[in-house]
S.K.: 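So that we are looking at the same thing, I have put the structure below in structure tokens.
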Amino acid sequence: MQTLLLVAELFIAIALIIFVLLQRSEGGGLGMGGGGGGGGSMGGLFSPRGAADTLTRATAVLAGLFFLTCIGLNLLALHGRDTRSILDSAPATSAPAKPAAPAVPLPTGPSVPKPQ
């Protein structure tokens, strides 16, 4: 099941990239050209405006499918995991460690002869 969702997500991601790149940006970018060359504004499927609406709807559908496959993959990955939280377990209590005494006494300072 997980492999099937991974393959579906891969195809959806590739299609989503293609549909986003086909859309006409405000600057004209990689969009399907055409400056309205006659014929009026029928608003049909293959007119510039109709194609833009179709691409926008297809992108929205592909985005929804992409999110659904992501959620499905996450649910499959979480299936069978231990559901305990680290907040549910009591902390391990141990006696506070006493600082260890140094093995060799540390010198208190330089040994300087005292004046007489």
Side-chain angles (χ1 to χ4, degrees):
M1 183 69 176
Q2 190 173 6
T3 305
L4 180 67
L5 278 177
L6 276 173
V7 170
E9 187 168 14
L10 179 66
F11 285 136
I12 291 171
I14 291 170
L16 191 59
I17 291 169
I18 291 170
F19 275 87
V20 166
L21 288 177
L22 283 176
Q23 289 183 18
R24 184 178 182 137
S25 65
E26 289 187 22
L30 293 174
M32 298 167 56
S41 60
M42 293 283 289
L45 178 62
F46 295 109
S47 67
R49 183 166 179 91
D53 290 341
T54 304
L55 287 174
T56 302
R57 286 187 188 124
T59 303
V61 168
L62 286 172
L65 288 173
F66 184 80
F67 285 124
L68 287 176
T69 55
C70 286
I71 290 171
L73 282 170
N74 281 323
L75 291 175
L76 281 176
L78 293 175
H79 183 67
R81 286 184 74 190
D82 191 13
T83 58
R84 287 186 310 139
S85 171
I86 60 168
L87 299 176
D88 292 339
S89 63
T93 57
S94 61
K98 292 181 181 179
V104 178
L106 298 174
T108 57
S111 58
V112 178
K114 292 186 180 184
Q116 293 180 359

S.K.: Between L55 and L22, what is the shortest heavy-atom contact and its length?
M.R.: CD1-O, 3.9 Å
S.K.: Which distance, rounded to the nearest 0.5 Å, do you find between the CD of Q23 and the OG1 of T54?
M.R.: 10.5 Å
S.K.: Checking one residue: V7. Which other hydrophobic residues are in its cluster under the side-chain 4.5 Å linking rule?
M.R.: F11
S.K.: Checking L5 now: which residues fulfil side chain to side chain contact (heavy atoms under 4.5 Å, CB included) with it, not counting sequence neighbours?
M.R.: T69, L73, L76
S.K.: Quick check on the hydrophobic clustering: are V20 and I18 connected, directly or via other members, by side-chain heavy-atom contacts under 4.5 Å?
M.R.: no
S.K.: Is I14 reachable from F19 through a run of I, L, V, M, F, W or Y residues, each pair having side-chain heavy atoms under 4.5 Å apart?
M.R.: yes
S.K.: If we only count heavy atoms from C-beta on, is the L6 to L10 side-chain gap below 4.5 Å?
M.R.: no
S.K.: Would F66 and L68 show up in the same hydrophobic cluster when neighbours are defined by side-chain heavy atoms closer than 4.5 Å?
M.R.: no
